[in-house]
Chemist: 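Below you'll find the structure I mean.
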Amino acid sequence: STWTVVEQLDREALLANVDWLAGSNAALALWARLMQEGIATLLTAALRVLRQGTPTARETALTLLLADPIRELELPAGAERALLAVALADPDDAIRGLAVDIAAQRMPDLVLPHWRRWVLDASQRARRAAWRLALRADSLARGRATALVSSRELPTGVRSDALWALAQILTTAEIAPLLAAAVVDPARELAETAAELLWNQHRHPVPAQAALESPHPAVRRIGECLLDPWRGSPAAGGARPGMPTPPVAW
């Protein structure tokens, strides 16, 4: 079996093939074997993989060593910090996003001082993890998120995630004006994000009515559904409690 092969490799052969093994189906066996060799050996190998391994090897190493909630390999805090410091600078969006997500939960001091940069990152996972952390820990984050939503010169994904982040902490009444502005924004991604938030989390008459004027068909359809006089949402200004049911078509 894979485990047997890895267990039987001599130390030199194992270390010589770390990059390849870390990206293969032998990855878990590799890290378990290296743990037996000692933390120093494992850390050296893991840093090497994170610096020069393939994207698959790098992401697998991060997952098995740090992210897997049922992982069997527990590293000292110093080793985790060293690995995350390298992964946070990874050029691959998926790997960098995973690293930010892990750090925000396990070692927030690696992310929090730089959250303004992370919320502009190309990785959506990194942006959302940074917002979740910043909105809990920094009183200035709410104002910054509001400003980003309105900044049309920024990438639409950045604006959409700022709106998403605000939707997780604001009341429906508080976020309704932002949603009303976003559903009519020329940027389709932002408008559709706002419409999804309106439909799923924050039903309110003001953004629902605004959605009818959206330049984006999918957004207009959501507004129409919410405001339908027979089957709409009372919370969004559609059907009202006590209204008669529509006639049955025979």
Chemist: Walk me through whether Gln168 and Leu197 qualify under side chain to side chain contact (heavy atoms under 4.5 Å, CB included).
Modeler: CA-CA 10 Å; Gln168 312 315 308; Leu197 292 168; 4.3 Å; yes

Chemist: How would you list, by chain and number, every residue that makes a side-chain contact (heavy atoms from CB on, under 4.5 Å) with Ala235, sequence neighbours excluded?
Modeler: Arg203, Ser233

Chemist: For a quick check under 3.5 Å, do Thr156 and Arg188 share a side-chain donor-acceptor pair by atom type?
Modeler: no

Chemist: Only counting residues at least two apart or in another chain, list the ones meeting side-chain contact (heavy atoms from CB on, under 4.5 Å) with Ala134.
Modeler: Trp115, Ala141

Chemist: Heavy atoms only: give me the nearest Leu140-Asp138 pair and the separation to one decimal.
Modeler: N-OD1, 2.8 Å

Chemist: Does a sphere of radius 6.0 Å around CD in Glu12 hold more than 12 heavy atoms from other residues, nucleotides or ligands, not counting ones at 6.0 Å or beyond?
Modeler: no

Chemist: Say you draw a straight line from CZ of Arg152 to CG of Asp185; how long is it, rounded to the nearest 0.5 Å?
Modeler: 4.5 Å

Chemist: Taking the side chain as every heavy atom from C-beta outward, state whether Ile102 and Leu98 have any pair of such atoms under 4.5 Å apart.
Modeler: yes

Chemist: Tell me which donor-acceptor pairs under 3.5 Å the side chains of residues 174-183 have, and how far apart each pair is, sequence neighbours excluded?
Modeler:
from   : atom 1 : to     : atom 2 : distance (Å)
Glu174 : OE1    : Thr171 : N      : 2.9
Glu174 : OE1    : Thr171 : OG1    : 3.3

Chemist: Do Glu224 and Arg220 sit within salt-bridge range, that is, some charged N less than 4.0 Å from a carboxylate O?
Modeler: no

Chemist: Is the backbone N or O of Ala99 less than 3.5 Å from a side-chain atom of Arg125, with the two atoms forming a donor-acceptor pair by type?
Modeler: no

Chemist: In terms of heavy-atom contacts, does CD of Glu213 have more than 12 from other residues, nucleotides or ligands at under 6.0 Å?
Modeler: no

Chemist: Group every Ile, Leu, Val, Met, Phe, Trp and Tyr by side-chain heavy-atom contacts under 4.5 Å, then state whether Ile95 and Leu120 land in the same group.
Modeler: yes

Chemist: Within 45° of the six-membered ring axis of Trp164 and under 6.0 Å from that ring's centre, is NZ or CZ of Arg128 located there?
Modeler: yes

Chemist: What verdict does the side chain to side chain contact (heavy atoms under 4.5 Å, CB included) test give for Thr193 and Arg159, after you've listed the backbone C-alpha separation in whole Å, the side-chain angles of each residue and the deciding distance to 0.1 Å?
Modeler: CA-CA 10 Å; Thr193 295; Arg159 300 174 65 200; over 6 Å; no

Chemist: Specify the closest pair of heavy atoms between Cys225 and Trp199, including all atoms of both residues, with the distance to one decimal.
Modeler: CB-CZ3, 3.8 Å

Chemist: Which residues pass the side chain to side chain donor-acceptor pair (under 3.5 Å) test with Gln105, sequence neighbours left out?
Modeler: Asp101

Chemist: Which pair of non-hydrogen atoms, one from Leu163 and one from Val149, has the smallest distance, and what is that distance?
Modeler: N-CG2, 3.5 Å

Chemist: Transitive ILVMFWY cluster of Leu227 at side-chain heavy atoms under 4.5 Å: who else is in it?
Modeler: Leu212

Chemist: Closest heavy-atom contact between Ala27 and Ala22?
Modeler: CB-O, 3.5 Å

Chemist: Applying the salt bridge (Lys or Arg N to Asp or Glu O under 4.0 Å) criterion to Asp121, which one of Arg127, Arg116, Arg96 satisfies it?
Modeler: Arg96

Chemist: Applying side chain to side chain contact (heavy atoms under 4.5 Å, CB included), run through Thr44 and Leu34 and close with a yes or a no.
Modeler: CA-CA 10 Å; Thr44 299; Leu34 286 173; over 6 Å; no

Chemist: Enumerate the ring pair (Phe, Tyr, Trp, His ring centres under 6.0 Å) contacts for residues 201-226, please, sequence neighbours excluded, ordered by first and then second residue.
Modeler: none

Chemist: Sort out for me which residue in Asp19, Thr63, Asp90 forms a side chain to side chain donor-acceptor pair (under 3.5 Å) with Arg58.
Modeler: Asp90

